[in-house]
Amino acid sequence: MPIVVSEDETEIGGYAFIDLGKTAKANPPKFAIRRLNAEPRHLGLDGNWQSEIAWHAPESHELRAASSVLRVGPLVVDAIEELVPIEILIQDESSYGKVDWPYITPSPFKGRVTIGNGEKPPAGPIVGKVKPPPPPPLTPPLVEEATPETTTVDTVADKPPVLPDPPKPDRKLPTILALLLLLAAAGVAAMYSDPVKNLIWPLPVPIARAECEQRYQRLSGTTATPMADFVSLGEECLRAGHGSIAFRLFEEADHNTSESTAWHLGQFYDPGVTDAAYRQAAAPAAARAIGYYAAWKGRSERHTTRLKELCLAQQDLLSRNARIREQCR
């Protein structure tokens with residue numbers, strides 16, 4: 001019997017059953033996963049791919065109709081993309097066969113919570129630190145009220161009037177005018193040296209990669225961070241060409257409630273996108289791109305248009321996957 005992989009519907013994502021098609025000798029058996037379409041081949045115990053084989057312990061093991069069924073968690077599910085061909089091996093036994101990994105809903109904690117040693121992530125919403133309230137506004141310094149000047153009226157009729165001194169010339173004005181003229185001349189010279197580049201002067205400086213990384217670490221270290229902060233920083237880093245950091249920032253947000261997040265994640269996986277900032281972060285995967293575009297089908301013009309174009313170009317994929325056909329309708 002062939003290997004069958006199915007989602008554990010009792011969870012909110014991140015768990016699956018692997019039906020080996022026959023009974024394993026060990027109880028519970030340790031297994032290894034080897035992908036057949038990319039290097040490195042073997043799935044490590046930390047959820048990353050590596051060159052050496054690694055033996056995993058299942059979350060649980062049971063027998064169903066003389067077949068061993070392994071239950072696996074987020075360290076396995078979150079690491080394998082849809083339609084990736086994999087081979088299942090059992091320790092001390094031969095290969096149990098190959099299967100194209102189906103779509104399994106990823107763990108809701110993917111990118112936020114580290115799960116190890118087969119431990120199940122906590123149920124319910126993540127409760128984290130709450131940002132402290134902003135400091136109270138500074139109290140402006142007290143300004144002493146000016147004492148009104150008293151004017152003494154000279155009662156002597158024959159005393160000559162006192163005339164005010166003539167105003168002194170402002171010596172600062174010529175200096176300020178000269179500085180303004182110098183700045184204007186420098187701006188004109190820059191415009192003529194490269195009028196297109198200096199149309200807006202001075203030019204904004206793109207965010208540096210190190211600053212992107214530092215700000216990402218600060219945001220991801222606080223579970224109470226608003227989703228909009230991840231999206232805003234992701235777009236800023238993406239404009240500066242730091243695609244791999246932007247990709248992680250968008251993965252922190254919810255693509256079902258953020259139109260920009262769904263668009264950019266679709267672009268990262270879209271095989272028709274050649275922009276270097278997107279391509280450096282993720283390999284093309286039409287099935288995943290279609291899923292992100294379909295999340296906003298009918299609600300966003302750019303998602304709907306690109307979804308139709310991509311579905312027309314992926315007729316072979318549609319013929320093999322009923323879920324994708326439904327998303328393309």
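Linking Ile, Leu, Val, Met, Phe, Trp and Tyr whenever their side-chain heavy atoms come within less than 4.5 Å leaves Leu20 and Val69 in two separate clusters. Two different hydrophobic clusters hold Ile80 and Tyr103 under the rule that ILVMFWY side chains link at heavy-atom gaps under 4.5 Å. Val72 and Val99 end up in the same hydrophobic cluster when Ile, Leu, Val, Met, Phe, Trp and Tyr side chains are linked at under 4.5 Å. Val76 and Leu70 end up in the same hydrophobic cluster when Ile, Leu, Val, Met, Phe, Trp and Tyr side chains are linked at under 4.5 Å. In this structure, Tyr96 is a member of the same hydrophobic cluster as Ile18, with clusters built from ILVMFWY side-chain heavy atoms closer than 4.5 Å.
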Salt bridge (Lys or Arg N to Asp or Glu O under 4.0 Å) assessment of Arg209 paired with Glu211: CA-CA 5 Å; Arg209 182 179 183 84; Glu211 184 180 351; over 6 Å; no
Determine, step by step, whether Glu81 and Arg35 satisfy the salt bridge (Lys or Arg N to Asp or Glu O under 4.0 Å) criterion, reporting the C-alpha distance in whole Å, the side-chain angles of both residues, the deciding distance to 0.1 Å, and the verdict. CA-CA 10 Å; Glu81 303 290 345; Arg35 61 181 175 183; over 6 Å; no
Steps toward salt bridge (Lys or Arg N to Asp or Glu O under 4.0 Å) verdict (Glu87, Lys98): CA-CA 4 Å; Glu87 181 180 16; Lys98 302 171 184 177; 5.4 Å; no
Run Thr23 and Leu63 through side chain to side chain contact (heavy atoms under 4.5 Å, CB included) and show every step you take. CA-CA 7 Å; Thr23 305; Leu63 291 177; 3.8 Å; yes
Side chain to side chain contact (heavy atoms under 4.5 Å, CB included) for Lys22 and Ser67? Distances and angles first, verdict last. CA-CA 4 Å; Lys22 57 182 178 179; Ser67 176; 5.7 Å; no
So Thr222 and Arg218, side chain to side chain contact (heavy atoms under 4.5 Å, CB included) or not? Walk me through it. CA-CA 7 Å; Thr222 305; Arg218 287 198 297 268; over 6 Å; no
I would like to know whether Ile324 and Leu317 meet side chain to side chain contact (heavy atoms under 4.5 Å, CB included); could you show each step before the answer? CA-CA 8 Å; Ile324 295 178; Leu317 179 60; 3.7 Å; yes
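Between Tyr292 and Trp263, the distance separating the two ring centers is not shorter than 6.0 angstrom.
The one candidate from His264, Arg302, Arg299 that meets the side-chain hydrogen bond (donor to acceptor under 3.5 Å, both in side chains) condition with Glu259 is Arg302. Put simply, the residue from Leu265, Asp270, Leu238 that forms a side chain to side chain contact (heavy atoms under 4.5 Å, CB included) with Tyr278 is Leu238.
Pairing each heavy atom of Gly241 with each of Gln280, the nearest pair is O-NE2, 3.5 Å. Looking at every heavy atom in both residues, Ala79 comes nearest to Gly47 through CB-O, 3.5 Å. When all heavy atoms of Gly44 and Ala54 are compared, the closest pair comes out as CA-CB, 4.0 Å. Minimum interatomic distance between Gln327 and Ile290 (heavy atoms only, all atoms of both residues): OE1-CG2, 3.6 Å. Glu252 approaches Ser220 most closely through the heavy-atom pair OE2-CB, 3.9 Å. Residues Glu82 and Asn321 come closest through the heavy atom pair OE2-ND2, 3.2 Å.
Counting only distance, with no hydrogens or angles, the side chain of Thr304 and the backbone of Lys297 share no donor-acceptor pair below 3.5 Å. Under a 3.5 Å cut-off, the side chain of His242 and the backbone N or O of Ile207 do form a donor-acceptor pair. Checked by atom type and distance alone, the side chain of Glu7 never pairs as donor or acceptor with a backbone atom of Glu9 at under 3.5 Å.
For the atom pair CZ (Arg41) and CD1 (Ile86), the distance works out to 13.0 Å, reported to the nearest 0.5 Å. Taken to the nearest 0.5 Å, the CG atom of Leu310 stands 7.0 Å off from the SG atom of Cys328. Going from atom CZ of Arg34 over to atom CD1 of Ile53 covers 8.5 Å, rounded to the nearest 0.5 Å. Taken to the nearest 0.5 Å, the CH2 atom of Trp296 stands 7.5 Å off from the NE2 atom of His303. Met227 CE to Phe230 CZ: the interatomic distance, rounded to the nearest 0.5 Å, is 10.5 Å. With rounding to the nearest 0.5 Å, the separation of SG in Cys311 from CG in Leu307 is 4.0 Å.
Listed by chain and residue number, Arg306 satisfy the salt bridge (charged side-chain N to carboxylate O under 4.0 Å, His left out) test with Glu309 (two or more places apart in sequence, or in another chain).
If you chain together ILVMFWY residues whose side-chain heavy atoms come under 4.5 Å of each other, Leu179 ends up in a group of its own.
By the 4.0 Å N-to-carboxylate-O rule, Arg71 lies close enough to Asp8 to be salt-bridged with it. A salt bridge does not link Arg248 to Glu251: none of the charged side-chain nitrogens sits closer than 4.0 Å to a carboxylate oxygen. Under 4.0 Å is where a charged nitrogen must lie from a carboxylate oxygen, and between Glu236 and Arg215 at least one such pair does. Residues Asp316 and Arg320 are paired through a salt bridge, judged by an N-O separation under 4.0 Å between the basic side chain and the carboxylate.
By the neighbour-count criterion of 12 heavy atoms within 6.0 Å, atom CD of Glu301 is sparsely surrounded, having that number or fewer from other residues, nucleotides or ligands. Heavy atoms from other residues, nucleotides or ligands lying under 6.0 Å from NZ of Lys30 number 12 at most.
When side chains are defined from C-beta on, Phe17 counts as touching Arg64, because their heavy atoms get closer than 4.5 Å. The closest side-chain heavy-atom distance from Ile104 to Pro102 is below 4.5 Å. Side chains of Val77 and Tyr15 form no contact here, defined as non-hydrogen atoms less than 4.5 Å apart.
Screening residues 27-76 for ring-ring contact (aromatic ring centres under 6.0 Å, His included), with sequence neighbours left out, gives Phe31-His56.
Relative ring orientation between Phe250 and Phe268 is described as tilted, the plane-to-plane angle lying within the 30° to 60° band.
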